[in-house]
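The block underneath contains the structure these notes are about, expressed in structure tokens.
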Protein chains: 2
Amino acid sequence: MTEDTKVDPVQACPIAPVIDVVFSRWTTPILWTLNEFGKHRFVELERRIGVITAKVLTQRLRQLERDGLIVRTYYPEVPPRVEYEISDLGRSLAPLFQSLSEWSPNLDKVAEARQHYDTHEPAHRRP
Amino acid sequence: MTEDTKVDPVQACPIAPVIDVVFSRWTTPILWTLNEFGKHRFVELERRIGVITAKVLTQRLRQLERDGLIVRTYYPEVPPRVEYEISDLGRSLAPLFQSLSEWSPNLDKVAEARQHYDTHEPAHRRP
DNA sequence: CTGTATCCGAATAGATACTG
DNA sequence: CAGTATCTATTCGGATACAG
């Protein structure tokens with residue numbers, strides 16, 4: 001790395017685009033829930049995820065639908081009913097979810113590291 | 001899912017905290033680069049990642065250092081030198097990076113899905 | 001029920017200038 | 001070189017009201 005030229009973002013980190021598509025804000029619980037527990041209606045998702053507002057949930061659902069990761073089905077009844085489910089493409093994320101949940105025990109170490117960083121304050125660390 | 005009570009966020013999606021720690025904005029290219037290519041100085045990271053500003057890069061490096069995912073070493077020379085490298089904990093993310101890069105070919109399907117969604121506009125889809 | 005529309009405040013990132 | 005300090009622009013989410 002001695003050149004002065006900057007690197008193409010995708011070249012610089014090939015996995016970043018995956019993160020953008022799959023794990024941008026709020027999409028993780030949506031995809032995980034639909035993958036884990038199957039079809040959900042709008043209010044069911046809203047309740048299960050807990051703190052999300054309807055507006056934001058709608059935005060994220062549209063985005064995921066557009067990206068082909070979930071399927072939206074509208075039933076023109078009264079009252080209207082909509083069901084969201086994971087698509088085949090979305091289902092292909094399963095190994096990724098698996099890797100993530102396998103790593104999650106390490107969060108304890110992260111918590112420890114934070115504790116250590118916040119309590120100890122070595123003077124020699126900064127310039 | 002018939003109760004009216006909202007679910008605890010962590011219960012609702014156990015992998016979300018991992019995303020927050022490891023794949024929040026800008027941390028992906030930093031961790032990936034350090035894991036893939038070893039030690040980097042500040043400017044080297046800045047150039048390799050490309051579009052990030054020094055301020056934001058500093059913020060993210062501090063965060064990752066605090067979380068124990070990278071190690072910062074300061075050499076009090078003139079001019080000063082700082083080296084960042086992945087920690088053992090950070091290295092444990094390797095399988096995760098692997099899963100992510102294995103999924104990345106599917107980004108083509110995402111692009112197709114977007115194309116389809118944007119061109120076709122079926123009227124029966126919305127309430 | 002499943003959204004949309006609007007307004008507003010908070011959080012984030014970028015630009016720029018400056019320091020040890 | 002490796003940052004910090006400010007200021008500003010933009011984005012994002014929350015609250016509210018309302019519609020089909």
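Numbered from 1 within each chain, the chains take letters A, B, ... in sequence-line order. Computation of the quantities below employed the complete heavy-atom set of this structure, encompassing side-chain atoms and omitting hydrogens, waters and symmetry-equivalent molecules.
Rounded to a whole Å, the CD atom of A:E44 is 16 Å from the C1' atom of C:dG3. Distance A:R60 CZ to C:dT4 P: 14 Å, rounded to the nearest Å. When the P atom of C:dT2 is taken as reference, atom OH of A:Y75 falls 12 Å away, rounded to whole Å. Rounded to an integer number of Å, the gap from A:D20 CG to D:dC12 P is 12 Å. Summarising the geometry, the separation between CG on A:L57 and P on C:dT2 is reported as 10 Å, rounded to the nearest angstrom. Spacing between atom CD of B:E46 and atom P of C:dA15 amounts to 12 Å, rounded to whole angstrom units. Distance A:L61 CG to C:dC1 C1': 14 Å, rounded to the nearest Å. Taking atom CD1 of A:I49 as the reference point, atom P of C:dT2 lies 14 Å away to the nearest angstrom.
With axes fitted over five pairs at each extremity, the angle between the ends of the helix from C:dC1-D:dG20 to C:dG20-D:dC1 is 50° (10° resolution).
Not one side-chain nitrogen or oxygen of B:Y74 sits closer than 4.0 Å to the OP1 or OP2 atom of C:dG20. In this structure, A:R62 reaches the C:dT4 phosphate: one of its side-chain N or O atoms is under 4.0 Å from OP1 or OP2. For C:dA11, the OP1/OP2 oxygens have no side-chain nitrogen or oxygen of B:R25 closer than 4.0 Å. Distances shorter than 4.0 Å separate none of the side-chain N or O atoms of A:R72 from OP1 or OP2 on C:dT2.
When distances run from any side-chain atom of B:R41 to the nucleotides D:dA2, D:dG3, C:dT2, the shortest one goes to D:dA2. Checking C:dC1, C:dG3, C:dG20 against the side-chain heavy atoms of B:P80 singles out C:dG20 as nearest. Comparing C:dA13, D:dA2, C:dG3 against the side chain of B:V56 picks out C:dA13 as the nearest. Side-chain atoms of B:W26 lie closest to C:dA13 of the nucleotides C:dT2, C:dA13, D:dA2.
Scanning for side chain to side chain donor-acceptor pair (under 3.5 Å) contacts around B:S24 gives B:Q63, with sequence neighbours left out.
At least one test fails for A:R81 against the ring of A:Y74: distance under 6.0 Å to the centre or angle within 45° of the axis. Both tests do not hold together for B:R41 against B:Y84: distance to the six-membered ring centre under 6.0 Å, angle to the ring axis within 45°.
Aromatic pair B:F23/B:W32: ring centres not closer than 6.0 Å.
Shown are B:E83, B:R48, B:E85; of these, the side chain to side chain donor-acceptor pair (under 3.5 Å) with B:H40 is made only by B:R48.
At least one donor-acceptor pair closer than 3.5 Å links the side chain of A:N106 to the backbone N or O of A:W103.
For B:K55 against C:dG14, a side-chain-to-base donor-acceptor contact under 3.5 Å is present.
Annotation: the span from A:L61 atom CG to A:L45 atom CG amounts to 6.0 Å, rounded to 0.5 Å.
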